[in-house]
Amino acid sequence: MIGFTGKRVLDLCGGIGRNGDLLMHYFDTIDIIDLEPDFGSIPKEKQGTLFRANLKDIRQHIFDT
């Protein structure tokens, strides 16, 4: 069981998609970063952004909003 919920979550190394089934129950939108990111069975309305990147290069995807 997850102890927190929210609007958006980033699934690091989410290419396998094994966490998507759990995360979709607790978050409105799921973003995924991996070398080969995949939404798997996450419903379309919960799909955020797929970031194709190596985790060591994540800095290129971080920006102020």
Side-chain angles (χ1 to χ4, degrees):
M1 179 173 202
I2 278 188
F4 52 89
T5 61
K7 289 193 138 305
R8 190 167 213 129
V9 66
L10 177 61
D11 184 358
L12 302 174
C13 300
I16 296 173
R18 65 180 164 208
N19 295 320
D21 291 339
L22 175 67
L23 294 173
M24 70 181 178
H25 295 290
Y26 296 98
F27 296 93
D28 297 335
T29 305
I30 302 166
D31 299 317
I32 298 174
I33 186 170
D34 195 87
L35 290 174
E36 293 185 34
D38 189 324
F39 284 121
S41 62
I42 297 172
K44 189 106 175 133
E45 65 272 7
K46 297 214 173 230
Q47 294 176 6
T49 304
L50 293 176
F51 294 100
R52 186 173 309 278
N54 189 322
L55 186 56
K56 70 182 177 83
D57 300 325
I58 193 173
R59 182 166 293 157
Q60 68 184 327
H61 297 289
I62 298 173
F63 53 90
D64 291 329
T65 57

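One-based numbering along the sequence shown.
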- Do you know which two heavy atoms are closest between Phe51 and Pro37, and how far apart they sit? O-CG, 3.7 Å
- Could you tell me which non-hydrogen atom of Met24 sits nearest to which non-hydrogen atom of Lys46, and how far apart they are? O-NZ, 2.9 Å
- Query: Rounded to the nearest 0.5 Å, what separation is found between the CG atom of Asn19 and the CD1 atom of Ile30?
  - Reply: 9.5 Å
- Query: Considering residues at least two apart in sequence or located in another chain, which fulfil the side-chain contact (heavy atoms from CB on, under 4.5 Å) criterion with Glu36?
  - Reply: Asp34, Arg52
- Atom CZ in Phe27, atom OG1 in Thr5: separation rounded to 0.5 Å? 6.5 Å
- Compare every heavy atom of Phe39 with every heavy atom of Ile32, then report the nearest pair and how far apart it is. CD1-CD2, 3.7 Å
- Note on the structure: Residues passing the salt bridge (Lys or Arg N to Asp or Glu O under 4.0 Å) test with Asp31, sequence neighbours excluded, are Arg8
- Query: Where is the tightest heavy-atom contact between Gly20 and Asp11, given as atom of each residue plus distance?
  - Reply: N-OD2, 4.4 Å
